[in-house]
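Structure, as structure tokens:
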Amino acid sequence: MLNRKKKIVIIGGGLAGLALAMKFCERNGEVTIVSYQALKRSHSVCAQGGINAAIDAKNEGDTPEKHFYDTIKGGDFLAHQPLVRDMCFQAPAIIHLMDRMGVAFNRTGEGHLDFRRFGGTLYNRTAFAGATTGQQLVYALDEQVRRNIHDGNATALEWHEYLGAVLDSEGICRGAVIHDLKTDEIYTLAADAVVLATGGPCQVYGRSTSSVVNTGAAATTAYLQGAKYANGEFIQIHPTAIPGQDKLRLMSESARGEGGRVWVPKKTNDSRDPKKIPESDRYYFLEEKYPLFKNLVPRDVASREIYDIVYNQNMGVSGEPMVYLDLTHKSREFLDNRLGGIMDIYTKFTGVDPREQPMKIFPAVHYSMGGLWTDYGPDQQGLIEHGSPKNQMTSIKGLFAAGEADYQYHGANRLGANSLLSCIYTGLMMARGIMNYTDSLEKSVDDIPSTIFDDARNHWKTRFNEIRKMDGNENPYQLHQQLGETMLANVLIVRDNKSLEKATHAIDDIEARFKNVKCTDSSDWANPSPSFINQLFCMIHLSKIITKGALMRDEFRGSHYKPDFDLNQPKDFDPHEYIDYLEQKQYGEITDNKFPPGHLDYMKRFEENNKKWLKTTVAQFKDNKPDITYEEVNTSLITPRPRKYD
Amino acid sequence: MTDKKIPFKIKRQDKPGSPSYWQTFQVPYKPFANIISCLMEIQRNPTTQGGKTVAPVTWDSNCLEEVCGSCTMLINGKVRQACTALVDNLEKPITLEPMSKFPVVRDLQVNRNRMFENLKKVKAWIDIDGSHDIGEGALMADSDRAKRYVMSECMTCGCCLEACPQFTLNNSFMGAATFNQVRLFNLHPTGSMNKEERLDAVMGEGGITDCGNAQVCVEVCPKNIPLTESIADIGRQTSWQMIKNILIK
């Protein structure tokens, strides 16, 4: 047993990192939290619409069990079920905790928390603070961490970058290599455990709804050091964003949760002012095709429908790849109170007031369901053993991952307002397991020879010296732009193997050109270029994981849509038929005439496909490329079945 | 249209304490361009108007949608966020400078640690008993929530302090952002239990009485936070606190 405080290094100051920092301090641990910039500015602030918890404040009969079902179904059954169930059962306590910390959640007439609807559910389950819920949650946790820093329990290393894990002779993580982004100093931090709460990788696509720091470099470095990376091909495309040269800005799903309607003019190239187009000339395609969920179908479904309207039906607004998202039937006061944040963003960036004119929107890369492979310890009740040292541990012992950087909670497609939940949940949940992990070690970090740390530091010093000397004729920022264009053109909403092959070759070409990069800045103070070149190197490897995973997965599941492998669900199919089918099969009663024509065949195809593809994709770094294998998914609680939202 | 260029005049500085200098750039015009996308363009082609290859300009940014507070700078002399500064709406040439009230780190980057340190001084947090599950939070009227929400949108960007004549590089004035946080936490049912500690913290040197009432803070706040109301309110709260302190002692 250690006769000192247990110490961890947390990389990342978003919701997952901050939640863990707070919890670990509370358990009398010692925390160093490392962040690329000031903690308060992490990407979690971009989350807008809300956070889910089945509190059933509106007496609709909502329960954590239903939240669990919606999440699993939304993710097309690819998520490990005990974990998701545990998260959904913890959600109400998490919301109350955040409320106690002072988050300005919107409230009901009686002063309780108010809830609104989000995609993929029929219940009002989403707590919200205007349309800047992520920002408000980050601030509350940031304040608690600042309190701990003030009280001497935690240290923040802002303007520092994580370069890699320090691995001992047995491959156990004993610390982190850190880069001071101002002084350029590279050094190591010894720790009992290291946690990557480093967010998503969407900068691989160049332009997306993500922030500048979301390069996925830290997770990729772990992969390059031997950690497994899982489900990389599952990238969420958010249906509603607005264009920009530097980023694509999100217009929250809550716009539809509060009554926003998506439509296009029925007549192609209708040049009338949208307000002058009568109802009879408008095509509310989501409402017509999905009479049950209407505009609140899950994101993968909505994005595919918008893509279809614009590119296959050529019905985009004024011939452009855009559809209307209309809130003009709501009062100004209502919109300002509940959606003020996005009303402002739209007005500031387009010059048009969405309270007066329908917004023009299009899908954009938004979130990675995949991430570092992590483990978990299930209990006997279909939940999680919170003390298990396995929880959130990557395949490198002592290196953990949490938040968007891990892969476990959203399967093949994430439901809106579940990301804030999964971040805070993992951060809070994993603290006890890490404490127990430290106790379980035979040898403490204090007994690791200093040469291990020297070697790790020297490795990265050499690497950065090499980068600084790069003097070719490729500009790294241009190369990043081209990588993004390749990914956007070939690995997006609709995927086919020919385009994916093309992307593979294009990435190889970019990788070859990377060797010829020029380090455009030689300063030894606050120089972002060497770091960016290292991040670009990581993004190239990450793009290979995403592309190869997508190429190999010959099926259609959640966000991964390959029309060539669509099982073509019959229009009149009812998912419960599949449960009947499985039961009848078990008792040997099955006959074709028990189901409507074509249904039995479809169900057999579905069953076969699941046997082959209801698996976690696992990428491991071998011979400079991802080696892909597949692992079983824990589906012990809800029988996987066809998804349907109409 | 395609060869239209936007002229930029950018104030640069290599390190803290080193002399500043100006460079000019011509950036290709693109629709929807903002200051950030133009700075990115300079990264991709770091060549001055005179044809000299230089180190790319450095700046701070993250979310690019005005919720993180990172990219504050002086654009045509006015303090604001660079992400929401659309090129079409700006007079040319566009001049970019770092904020003047914070120490320059490099080029357009400044060190705003002072703002975060002030948040510690006024204990801008709720003293929760712990993060374990102890049930619901306090009831609150939605109108009170709405009042707090507007204040809680402060992203520590520094615009209000840059504009404030009282706030200088070398004094200890806390400024509008900090006073607004005191009001935010004092308005919360649990936060108000530590109200006096927060008020004491803004009653000393650099505190609320140093405010010169210039009222420019509220004009530049990108989030339209009613900063002058917050200052007036904290003024009232500290006056009461002062009387109480005298009576009790």
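Everything quoted here is computed from the prediction, not taken from an experiment. Proteins come first, then strands; the chains are lettered A, B, ... in the order of their sequence lines, and each starts at number 1.
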Query - Gln48(A) portion near chain B, given a 4.5 angstrom heavy-atom threshold - result: side chain
Requested in this report: Tell me, out of Gln245(A), Arg41(A), Glu26(A), who's got the most heavy-atom pairs with chain B below 4.5 Å.
Outcome: Arg41(A)
Query raised in the report: Is Asp246(A) salt-bridged to Lys30(B), going by a charged N under 4.0 Å from an acidic O?
Result: no
Report task. I would like to know whether Ile134(B) and His96(A) meet side-chain contact (heavy atoms from CB on, under 4.5 Å); could you show each step before the answer? Result -> CA-CA 8 Å; Ile134(B) 46 178; His96(A) 291 317; over 6 Å; no
Query raised in the report: Does Trp159(A) reach the side chain of Asp60(B), with side-chain heavy atoms less than 4.5 Å apart?
Result: yes
Query raised in the report: Considering only heavy atoms, which portion of Asn527(A) lies under 4.5 Å from any heavy atom of chain B: side chain, backbone, both, or neither?
Result: both
Query raised in the report: What residues form a ring pair (Phe, Tyr, Trp, His ring centres under 6.0 Å) with Tyr477(A), not counting sequence neighbours?
Result: Phe532(A)
Report summary line: Okay, Glu110(A) and chain B: the region with an atom under 4.5 Å from a heavy atom over there is backbone
Query raised in the report: So what's closer than 4.5 Å to chain B heavy atoms on Ile149(A): side chain, backbone, both or neither?
Result: side chain
Report task. State, yes or no, whether a side-chain contact exists between Pro243(A) and Phe32(B) at a heavy-atom distance under 4.5 Å. Result -> yes
Requested in this report: Take Lys182(A) and Val105(B), measure what side-chain contact (heavy atoms from CB on, under 4.5 Å) needs, and give me the verdict at the end.
Outcome: CA-CA 8 Å; Lys182(A) 284 179 186 158; Val105(B) 174; 4.0 Å; yes
Query raised in the report: Do Arg145(B) and Asp99(A) meet the salt-bridge criterion of a basic N to acidic O distance under 4.0 Å?
Result: no
Query raised in the report: Which bit of Lys123(B) comes within less than 4.5 Å of chain A, counting heavy atoms only: side chain, backbone, both or neither?
Result: side chain
Query - Residue Gln478(A) versus chain B: region with a heavy atom under 4.5 Å - result: both
Query - chain B interface, residue from Met22(A), Lys40(A), Gln90(A) that has the most non-hydrogen pairs under 4.5 Å - result: Lys40(A)
Query raised in the report: In terms of heavy-atom pairs under 4.5 Å with chain A, which of Ala124(B), Pro46(B), Gly191(B) leads?
Result: Ala124(B)
**Report entry** Region of Phe116(B) that comes under 4.5 Å of a non-hydrogen atom in chain A
**Finding:** both
Query raised in the report: Can you find a heavy atom in the side chain of Leu64(B) that is under 4.5 Å from one in the side chain of Arg249(A)?
Result: yes
Report summary line: Applying side chain to side chain donor-acceptor pair (under 3.5 Å) to Asp114(A) and not counting sequence neighbours gives Lys58(A), Arg338(A)
Query raised in the report: Which residue out of Ile126(B), Asn34(B), Asp14(B), Asn62(B) racks up the most heavy-atom pairs below 4.5 Å with chain A?
Result: Asn62(B)
Query raised in the report: Taking the side chain as C-beta and beyond, is there a heavy-atom pair between Asp151(A) and Lys120(B) under 4.5 Å?
Result: no
Requested in this report: Heavy-atom pairs under 4.5 Å with chain B are the metric here; pick the option from Asn106(A), Ile345(A), Val213(A), Val45(A) that has the most.
Outcome: Asn106(A)
Query raised in the report: For Thr58(B), is it the side chain, the backbone, both, or neither that has a heavy atom closer than 4.5 Å to a heavy atom of chain A?
Result: side chain
Query raised in the report: Are Met140(B) and Phe105(A) side-chain neighbours, meaning at least one heavy-atom pair lies under 4.5 Å?
Result: no
**Report entry** Thr209(A) side chain reached by Glu65(B) side chain, heavy atoms, under 4.5 Å
**Finding:** no
Query - Among His132(B), Gln109(B), Glu41(B), residue most engaged with chain A (heavy-atom pairs, under 4.5 Å) - result: His132(B)
Query raised in the report: Less than 4.5 Å apart, any side-chain heavy atom of Leu119(B) and any of Arg146(A)?
Result: yes
Query - Considering all heavy atoms, the nearest Glu153(B)-Gln135(A) contact - result: O-NE2, 3.6 Å
Requested in this report: Could you walk me through whether Trp125(B) and Met101(A) pass the side-chain contact (heavy atoms from CB on, under 4.5 Å) test, one step at a time?
Outcome: CA-CA 8 Å; Trp125(B) 53 72; Met101(A) 286 180 197; over 6 Å; no
Report task. Side chain from CB out, backbone as N, CA, C, O: work out which of these in Ser522(A) comes under 4.5 Å of a heavy atom of chain B, or both, or neither. Result -> neither
Query raised in the report: Going through the checks in order, is the side-chain contact (heavy atoms from CB on, under 4.5 Å) test met by Ile128(B) and Leu97(A)?
Result: CA-CA 9 Å; Ile128(B) 55 165; Leu97(A) 168 64; 4.2 Å; yes
**Report entry** Portion of Ala140(A) that has a non-hydrogen atom of chain B nearer than 4.5 angstrom
**Finding:** neither
Report task. Applying salt bridge (Lys or Arg N to Asp or Glu O under 4.0 Å), run through Arg106(B) and Asp521(A) and close with a yes or a no. Result -> CA-CA 13 Å; Arg106(B) 186 178 174 188; Asp521(A) 190 338; 2.9 Å; yes
Requested in this report: Could you tell me which portion of Phe349(A) (side chain, backbone, both or neither) has an atom closer than 4.5 angstrom to a non-hydrogen atom of chain B?
Outcome: both
